[in-house]
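To start, the structure itself, in structure tokens.
Below, all heavy atoms of this structure are taken into account, side chains as well, without hydrogens, waters or symmetry copies. As the structure lists them, so they are numbered: ligands from 1, and atoms in each ligand from 1.
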Amino acid sequence: MKPKVFITRAIPEAGLDLLRPIAEIEVWEDELPPPRESLLQKVKGVDGLLTLLTDKIDSQVMDAAGATLKVISQMAVGYDNIDVAAATARKIPVGHTPGVLTETTADFTWALLMSAARRIVESDNYTRDGKWKTWMPTLLLGPDVYGATLGIIGLGRIGQAVAKRAKGFDMRVIYRSAHRHPEIEKSLGVEYVPLDSLYAESDFISIHTPLNDSTYHLINDSALAKMKPGAILINTARGGVIDPDALHRALRDKKIAYAALDVTEPEPIPLESPLLTLDNIIIAPHIASASIQTRNKMATMAAENLIAGLKGEKLPHCVNPQVYR
Ligand code: GLV
């Protein structure tokens, strides 16, 4: 009998092709994630779960799956939707997909940064609205990117890839991270600064930290008040790092100039969110890793983690290796 696997949404075929020969798979085919009741129902008796960041995987889900559950494999690098401590307590390894999405996410961070600085979304709307009547010396002005100061919060893989790109724009790059990285400071020419200095000195601030207790609403009224009036804030990490009400106040009152978000709190952003009434914000629907190649690699990696777990082997990319001790 093949092991049973529940996959919480359709993923790229590259991943399914790996799984089909070894597991009996059930895919939740809807566009939206399984509602809680369906999730609790579908996981019953499975050996493996392949999850997305939209699924809340807590002890109730693990208990609903029962003693058969051997592995949880998340198709994302972030895993704040999973109660990892609860998985560890049950000796269930949790996999994720680091590395393969680093460059793609850094590219998208830059797409947002450039779009915000040079007001590309507003420009496109302007053209489509029939407002383009002539060349104008003061039309849609924005700040220069080259030579500006970029502040990076979280210098992990993605933060570093963003910093590397900044060097091509002759930017000064400063950073704050949970850990200091002296070798990277040398190789990438980046400076470690206190958070308050980062806020005060950056023209662009880009967030690349995981969401956890110490980063939840890190960007609040007090942090925003320390930023330059011309500051542009970019978030491709997790929505919960920014207090959305504080961001709305800061953008509305022009305490900072612009924000470009790929992630929001909550997701999706409610259509009645006051943030959507502002012109000085761009909001993308959490697509930073959405290149064709990268989504295939993420699906493949998630399948490989899952298969290893089903076979009782060590997951190639495990977030809780303590389960093997
Ligand atoms: C996407 O947000 C991811 O964590 O991979």
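Residue-ligand proximity: Arg238 is placed with a non-hydrogen atom under 4.0 Å from ligand 1.
On a distance-only criterion, His286 and ligand 1 share at least one N/O pair closer than 3.5 Å. An N or O contact shorter than 3.5 Å is missing between Ala237 and ligand 1 by distance.
Residues Glu13 and Arg20 are paired through a salt bridge, judged by an N-O separation under 4.0 Å between the basic side chain and the carboxylate. Between Asp47 and Lys2 no salt bridge is recorded (no basic side-chain N to carboxylate O distance below 4.0 Å).
Per-residue contacts place Ala76 under 4.0 angstrom from the following atoms of ligand 1 (heavy atoms of the residue considered): 3 (C), 4 (O), 5 (O). With ligand atoms numbered from 1 in the order given, ligand 1 contributes 5 (O) to contacts under 4.0 Å with heavy atoms of Leu101.
Between His181 and Tyr175, the ring-plane angle classifies as tilted under the 30° and 60° cut-offs.
Under 4.0 Å from ligand 1, the heavy atoms of Leu53 that appear belong solely to its side chain.
Residue Val77 holds the heavy atom nearest to atom 3 (C) of ligand 1 of all those in Val100, Asp262, Val263, Val77.
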Decide yes or no on side-chain contact (heavy atoms from CB on, under 4.5 Å) for Leu247 and Ile256, but give the supporting numbers first.
CA-CA 9 Å; Leu247 181 63; Ile256 68 165; 4.1 Å; yes
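Residues Asp196 and Tyr199 have side chains in contact (heavy-atom distance under 4.5 Å, counting atoms from C-beta outward). Within the 4.5 Å cutoff, no side-chain heavy atoms of Ile234 are placed close to those of Trp110.
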